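Note sheet for the following structure.
Keep in mind the model is a prediction, meaning the values are calculated, not measured.
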Amino acid sequence: MNKDLTCNQVSALINFYIEGKLNPRLREYINIHIAKCPSCRKKIEDLQKILKRFNQSKIPDTTITESNIKPEFLSNLSAYVDNELNSNENIKIKKMTISNPTARKELETMYKFQKILHSAYEKTKSDSKYDYSKTILNQLQDTPEYTTTYFYKLAAVFVVLISAIIVGFIYLYF
């Protein structure tokens, strides 16, 4: 494997990297890439911060109590960001974020996470289109035209067959 990974390859492996599910050699290649690439390094750091905050929010903490953030706020936050709530629930979320700094931080984190996921998806989507079209073009350029070659072979067999039949009739009648 080439030690120089592209940003797209690192983006595709970022979840496995953060979760520690890569083999040591591939992990080292990613470490080499992020040492050189500030964009990928920032993306990984942002995701690690978000995951750390998410994991900390699961643990009972004195800063996040029922009085600070209501449970329905946390359960509806993702749906709010994705614009999947009805207008009454949207208003409740907006009121909570305006009046509570902790809730506002949670909403900002959710928007950052959504932005990172969206950009990674768009890159992967455009890369797959590029790779797919590039692969097809390479296949078309590398392979000979089978229809033309096949046609000439079939025509040659047909001519030989007709010639054999004609020679056979001539031999029988003369």
Side-chain angles (χ1 to χ4, degrees), residues 1-140:
M1 173 180 251
N2 186 4
K3 290 183 183 181
D4 295 331
L5 296 177
T6 64
C7 292
N8 296 329
Q9 291 169 326
V10 172
S11 290
L13 297 171
I14 199 166
N15 290 338
F16 300 109
Y17 178 82
I18 290 173
E19 293 173 1
K21 294 183 178 180
L22 293 176
N23 67 40
R25 194 170 86 191
L26 191 54
R27 187 169 186 79
E28 181 59 30
Y29 293 157
I30 291 177
N31 287 334
I32 291 169
H33 177 83
I34 62 175
K36 297 178 200 173
C37 179
S39 172
C40 289
R41 184 174 42 252
K42 180 166 177 19
K43 188 184 297 184
I44 288 173
E45 289 170 356
D46 287 346
L47 279 173
Q48 286 174 331
K49 286 177 189 175
I50 289 170
L51 288 173
K52 184 178 178 184
R53 287 193 68 211
F54 177 74
N55 289 334
Q56 287 175 347
S57 70
K58 286 184 175 181
I59 301 171
D61 191 1
T62 57
T63 58
I64 299 177
T65 62
E66 274 191 32
S67 63
N68 284 344
I69 297 179
K70 296 179 181 177
E72 62 265 9
F73 173 81
L74 293 175
S75 65
N76 289 335
L77 191 58
S78 177
Y80 173 79
V81 169
D82 293 334
N83 202 19
E84 296 173 346
L85 296 177
N86 64 34
S87 59
N88 290 334
E89 291 171 335
N90 273 340
I91 291 172
K92 288 178 187 176
I93 297 286
K94 287 178 184 178
K95 284 181 181 179
M96 182 62 125
T97 56
I98 290 170
S99 64
N100 190 328
T102 308
R104 201 168 27 254
K105 281 186 179 180
E106 288 296 320
L107 182 62
E108 289 171 2
T109 301
M110 188 64 71
Y111 275 124
K112 282 183 183 178
F113 188 64
Q114 181 191 34
K115 183 179 177 183
I116 290 170
L117 286 176
H118 182 71
S119 68
Y121 170 75
E122 287 299 320
K123 277 186 178 179
T124 304
K125 188 173 89 173
S126 65
D127 290 345
S128 67
K129 285 181 182 177
Y130 172 74
D131 289 342
Y132 181 69
S133 59
K134 185 177 178 183
T135 303
I136 290 175
L137 288 173
N138 286 338
Q139 288 175 349
L140 289 174

Practice task
Side-chain contact test, heavy atoms from C-beta onward, threshold under 4.5 Å: evaluate it for Cys37 versus Cys7 and give yes or no.
Solution key: yes

Problem - Euclidean distance, Leu47 CG relative to Asn15 CG, rounded to 0.5 Å - result: 7.0 Å

Problem - Minimum side-chain heavy-atom gap Phe16-Leu26 below 4.5 Å - result: no

Exercise for the section: Decide yes or no for Phe113 and Ile116: does some side-chain heavy atom of the first lie under 4.5 Å from some side-chain heavy atom of the second? Expected result: no

Practice task
Report the distance from atom CD1 of Ile34 to atom CG of Leu5, rounding to the nearest 0.5 Å.
Solution key: 10.5 Å

Handout entry: Validation row: Leu107, Met96 side chains within 4.5 angstrom (heavy atoms)
Key = no

Handout entry: Lys112 side chain near Asp46 side chain, heavy-atom distance below 4.5 Å
Key = no

Practice task
Kindly compute the distance separating OG (Ser119) from CD (Gln114), expressed to the nearest 0.5 Å.
Solution key: 11.0 Å

Completion exercise
Heavy atoms of Thr97 and Arg104 approach each other most closely as O-NH1, 2.8 Å

Exercise for the section: State, yes or no, whether a side-chain contact exists between Gln9 and His33 at a heavy-atom distance under 4.5 Å. Expected result: no

Completion exercise
One should read off an interatomic distance between Thr109 OG1 and Leu51 CG, to the nearest 0.5 angstrom, of 11.0 Å

Fill in the blank from the handout: In short, Arg41 meets Lys36 closest at the heavy-atom pair NH1-N, 4.4 Å

Problem - Tyr111 atom OH, neighbour heavy-atom count above 12 within 6.0 Å - result: yes

Handout entry: Separation of Cys40 SG from Glu45 CD (nearest 0.5 Å)
Key = 11.5 Å

Problem - Rounded distance [0.5 Å steps], CD1 in Ile93 versus CG in Asn88 - result: 12.0 Å

